[in-house]
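Since we're looking at a predicted model, the values are computed, not measured. Chain identifiers are assigned alphabetically (A, B, ...) following the order of the sequence lines, protein sequences preceding nucleic acid strands; residue numbering begins at 1 within each chain.
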Amino acid sequence: MHDLKWIRANPADFDGGLKRRGMQPHSAEILALDEENRAHIAKLQEMQTRRNAVSKQIGKAKGSGDEAKAKELMDEVASLKEDYAAGEKQGGKIADDLNALLASLPNIPLDEVPDGGGEADNVVTRTEGEKPSFSFTPKEHFDLGEDLGMLDFETAAKMSGARFAVLSGPLARLERALAAFMLDIHTTEYGYTEVVPPILVRDEAVFGTAQLPKFAEDLFRTENGYWLIPTAEVPLTNMVREQILAESELPKRFAAHTPCFRSEAGSAGKDTRGLIRMHQFSKVEMVSVVHPREAMDELERMTGCAEEILKRLGLAYQVLTLCTGDMGFTARKTYDLEVWLPGQDSYREISSCSVCGDFQTRRMKTRFREAGGKTLHFPHTLNGSGLAVGRTMVAVLENYQQEDGSIMIPEALRSYMGGLEKIEKS
RNA sequence: GGAGAGGUGGCCGAGUGGUCGAAGGCGCUCCCCUGCUAAGGGAGUAUACGGUAACCCCGUAUCGAGGGUUCGAAUCCCUUCCUCUCCGCCA
């Protein structure tokens, strides 16, 4: 949610930010509504002031037994009532329009974010790790998994349809191992608090992180109105909703391993094979709630946490700074981590770390009180994957495949796999 | 799922139609007093929005949320969310 006061003071910057995202300017429309809204508020408050004053006099008159005076005053206030009801209705509509408009507009990118219209304009900021070399043609992960007999899309399709998978045996364990490995690093080495959050949440929570109202079609919803989380960003960020924190409580860092559910509306025909794009997948997510002045450092730190996982798994990757046209709705700046997939002969997104400024805390009504001071401020939020577990498994399969179709288990993971060194067909 | 009880300020807790933004207590802040410690005295202590250049001041709203009745609602009515107790069911 945007800061109306900031838009009032900086309409050109606001429109400039929207334009960089490929959107039309909106400040004139917003400011017109705002002005109208404030005029209505002033008018209504004036009426209320009068009504309150007269009502108090009625109370006094009745208290002193002066019924005639009371009656007279009651007649006087009666006419006020109609005007007030009409004004309230009109004013309410203006306020609703204004809020709906504000809620529908994406966050303003930071100056340092590269301009661009889409994926092609993202900037490769650095490349890390070494791609493995093969003496044979590396296979894609779905062939590897299916040949091992541990990855089964057909069986999943029978019970759930497309975009679901069944993992079994050592591959199922690998999923659990990866998640535990990631979570252990984030919690014991980087200070994230491990959380097991609800994965069914209500409207308010999803509005808070701004998947609602604009992106409802991307989400699954239960018949009684819960939303299945598309990412643990939703519950983890909402950990601080409607709270006033002490400055000393910041930063707050949460990490969780949860299933995520996405309808993938509009991505028909995309990544139809394999584990890359599922209706259900698991992910380890990081969320930080920080003092505004710490936000940019925290973005680097969080990205580093995600990178550390890739490094320890010995996977090559590149870091992209997303351009204005490819960033998510809430982001002011985003780094994507793309892991090297030899089977696909390409880099694929495995993590996305974003700084959202106060965009989400305004929606959630999260504030913090400055130490020693009285004034309240909105903290800033960040979220990042650390990492997408399914896609990490894809990377392990493709990068550690052997000519015979077996998979070497990365050193760092072996203790989580009961000492197993290699996954092979049984 | 059935039957009850309840949601008031940072916390506890009064308050069943008028002068209540809300008694009292605790906590916290500042000041005074007190030769340590303890005690005592005084003042202050919500948020949002609008009027404003203004965190001074004025106004409006907020007693879980939304709606209604009324000249006037923390107090009455309806809806809804949440919490708790008992029963049932259940991992």
Side-chain angles (χ1 to χ4, degrees), chain A residues 1-10 30-103 196-208 212 221-227 235 238-249 259 292 358 361-379:
Chain A
M1 189 64 85
H2 293 284
D3 181 2
L4 245 184
K5 285 181 182 164
W6 183 80
I7 299 175
R8 269 179 218 152
N10 308 281
I30 289 167
L31 293 180
L33 273 172
D34 176 43
E35 204 169 312
E36 213 181 333
N37 185 230
R38 282 191 289 163
H40 266 274
I41 289 171
K43 207 168 82 189
L44 287 174
Q45 289 190 348
E46 207 177 300
M47 284 193 255
Q48 283 171 318
T49 307
R50 271 162 64 202
R51 189 199 61 191
N52 288 349
V54 175
S55 288
K56 256 181 202 180
Q57 288 181 291
I58 294 172
K60 273 183 193 156
K62 290 220 169 190
S64 63
D66 188 348
E67 288 296 328
K69 179 86 184 295
K71 179 75 173 65
E72 186 187 317
L73 290 165
M74 281 163 72
D75 289 342
E76 184 187 331
V77 88
S79 68
L80 258 176
K81 215 187 155 187
E82 281 175 37
D83 293 349
Y84 181 78
E88 191 180 39
K89 196 175 171 192
Q90 203 187 346
K93 175 149 184 354
I94 294 164
D96 287 349
D97 288 350
L98 180 58
N99 287 330
L101 179 56
L102 285 174
V196 178
I199 60 178
L200 251 36
V201 295
R202 47 183 351 131
D203 293 355
E204 291 79 10
V206 188
F207 180 85
L212 285 183
R221 191 170 204 210
T222 68
E223 275 190 24
N224 53 355
Y226 289 112
W227 299 94
N238 276 279
M239 290 285 286
V240 294
R241 93 177 335 265
E242 289 164 49
Q243 280 195 52
I244 295 176
L245 306 164
E247 183 174 355
S248 58
E249 292 179 79
D358 59 10
T361 48
R362 285 178 181 280
R363 288 172 168 246
M364 296 191 301
K365 299 183 176 33
T366 304
R367 273 84 46 86
F368 74 91
R369 195 181 298 279
E370 224 168 45
K374 298 187 86 175
T375 49
L376 298 176
H377 304 278
F378 292 101

Please give the distance between the [atom1] atoms of [N] and [M] as a whole number of Å.
| N | M | atom1 | value |
| --- | --- | --- | --- |
| rU70(B) | rC81(B) | C1' | 27 Å |
| rU52(B) | rU60(B) | C1' | 15 Å |
| rG9(B) | rA22(B) | C1' | 9 Å |
| rC63(B) | rC11(B) | P | 16 Å |
| rG6(B) | rG10(B) | P | 24 Å |
| rG27(B) | rU80(B) | P | 42 Å |

Quick check against the 3.5 Å criterion: does [X] have a side-chain atom that pairs as donor or acceptor with the backbone of [Y]?
| X | Y | value |
| --- | --- | --- |
| Glu242(A) | Asn238(A) | no |
| Asn37(A) | Leu33(A) | no |
| Glu35(A) | Ala32(A) | no |

Rounded to whole Å, how long is the line connecting atom [atom1] of [X] with atom [atom2] of [N]?
| X | N | atom1 | atom2 | answer |
| --- | --- | --- | --- | --- |
| Arg241(A) | rG64(B) | CZ | P | 19 Å |
| Arg38(A) | rA48(B) | CZ | P | 17 Å |
| Glu242(A) | rG9(B) | CD | P | 14 Å |
| Arg369(A) | rU29(B) | CZ | P | 14 Å |
| His40(A) | rU60(B) | NE2 | C1' | 16 Å |
| Gln48(A) | rG51(B) | CD | P | 15 Å |
| Tyr84(A) | rU69(B) | OH | C1' | 16 Å |
| Met47(A) | rG50(B) | CE | C1' | 14 Å |

Atom pair [atom1]/[atom2] of [X] and [Y] - distance to nearest 0.5 Å:
| X | Y | atom1 | atom2 | value |
| --- | --- | --- | --- | --- |
| Asn99(A) | Met1(A) | CG | CE | 5.5 Å |
| Leu4(A) | Leu31(A) | CG | CG | 8.0 Å |
| Arg369(A) | Leu245(A) | CZ | CG | 10.5 Å |

Q.
Tell me whether the side-chain N/O atoms of Asn52(A) come closer than 4.0 Å to OP1 or OP2 in rG72(B).
A.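 Checking Asn52(A) against rG72(B): no side-chain N or O falls below 4.0 Å of OP1 or OP2.
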Q: Check whether any side-chain N or O of Arg51(A) sits under 4.0 Å from OP1 or OP2 of rU70(B), and answer yes or no.
A: no
Q.
I'd like to check Phe368(A) versus Ser248(A) (side-chain heavy atoms, cut-off strictly below 4.5 Å). Are they in contact?
A. no
**Q.** His40(A) and Gln90(A), any side-chain heavy atoms less than 4.5 Å apart
**A.** yes
Q: Between Glu46(A) and Ala42(A), name the one whose nearest nucleotide on RNA chain B is closer to the 5' end.
A: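 Closer to the 5' end of RNA chain B: Ala42(A).
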Show each protein N/O and nucleotides 74-83 of chain B N/O combination with a separation under 3.5 Å, one pair to a line.
{"unit_1": "rC81(B)", "atom_1": "O3'", "unit_2": "Arg202(A)", "atom_2": "NH2", "d": "3.1"}

Q. Taking NZ, NE, NH1 and NH2 as the nitrogens, is one of them in Asp34(A) or Lys5(A) under 4.0 Å from a carboxylate oxygen of the other?
A. no
Can you figure out which of [options] approaches the side chain of [X] most closely?
| X | options | result |
| --- | --- | --- |
| Arg367(A) | rA61(B), rU47(B), rG51(B) | rU47(B) |
| Thr49(A) | rG18(B), rC49(B), rU60(B) | rU60(B) |
| Leu376(A) | rU47(B), rC71(B), rG50(B) | rU47(B) |
| Gln45(A) | rG18(B), rA61(B), rG50(B) | rG50(B) |

Q) Within 45 degrees of the axis of the six-membered ring of Tyr84(A) and under 6.0 Å from its centre: does Arg51(A) put its NZ or CZ there? A) yes
**Q.** Option among His2(A), Arg362(A), Arg363(A) that satisfies the side-chain contact (heavy atoms from CB on, under 4.5 Å) test with Leu102(A)
**A.** His2(A)
Q. Base, sugar-phosphate, or nothing for Arg362(A), non-hydrogen atoms under 4.0 angstrom?
A.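 Result for Arg362(A) = nothing.
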**Q.** RNA chain B: stems of at least 3 consecutive Watson-Crick or G-U pairs whose donor-acceptor distances fall under 3.5 Å
**A.** B:1-7 with B:81-87, B:10-12 with B:24-26, B:27-32 with B:40-45, B:46-51 with B:57-62, B:64-68 with B:76-80
